[in-house]
Amino acid sequence: MAREHTKAKAFAQMLMREARDCGWLYNRIEMKPDGTVIALSGMVEPEGNDDFCAEDLRMGK
């Protein structure tokens with residue numbers, strides 16, 4: 001299991017480095033325990049439509 005995590009970490013580092021070099025504005029990388037890497041990148045900041053209201057924990061505007 002450690003080997004998958006090591007590979008995922010190296011892959012995530014490479015993605016972040018390449019995204020910065022290309023000028024991407026938004027980069028988010030999530031590593032799962034099984035070695036899966038989820039990458040979200042974009043040229044604009046993502047909109048915050050999924051913020052929760054602290055009072056009632058429902059989706060807010």
Side-chain angles (χ1 to χ4, degrees):
M1 190 61 94
R3 186 162 191 222
E4 289 85 10
H5 189 290
T6 302
K7 285 182 181 179
K9 185 177 177 181
F11 183 67
Q13 290 171 339
M14 184 270 305
L15 282 176
M16 290 299 286
R17 194 170 35 250
E18 292 296 322
R20 274 189 237 123
D21 289 346
C22 292
W24 289 90
L25 179 62
Y26 173 75
N27 299 298
R28 177 178 175 216
I29 296 182
E30 182 179 337
M31 292 177 20
K32 301 286 186 173
D34 66 353
T36 304
V37 177
I38 299 171
L40 301 171
S41 298
M43 294 300 289
V44 295
E45 289 285 339
E47 294 185 23
N49 293 338
D50 59 348
D51 292 337
F52 285 91
C53 298
E55 299 84 35
D56 54 11
L57 295 179
R58 290 184 300 176
M59 296 295 284
K61 290 183 179 180

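- Under the 4.5 Å side-chain criterion, counting only non-hydrogen atoms from C-beta, Lys9 is not in contact with Lys7.
- By the rule that hydrophobic residues join a cluster once side-chain heavy atoms approach within less than 4.5 Å of another member, Tyr26 and Met43 end up as members of separate clusters.
- Atoms CD1 and CD, on Ile38 and Glu30 in that order, are 4.5 Å from each other to the nearest 0.5 Å.
- A distance of 6.5 Å separates OG in Ser41 from CD1 in Ile29, rounded to the nearest 0.5 Å.
- Side-chain contact between Met31 and Thr36: absent, with no pair of heavy atoms (C-beta onward) separated by less than 4.5 Å.
- The line from CG of Leu15 to CZ of Arg28 is 14.0 Å long, rounded to the nearest 0.5 Å.
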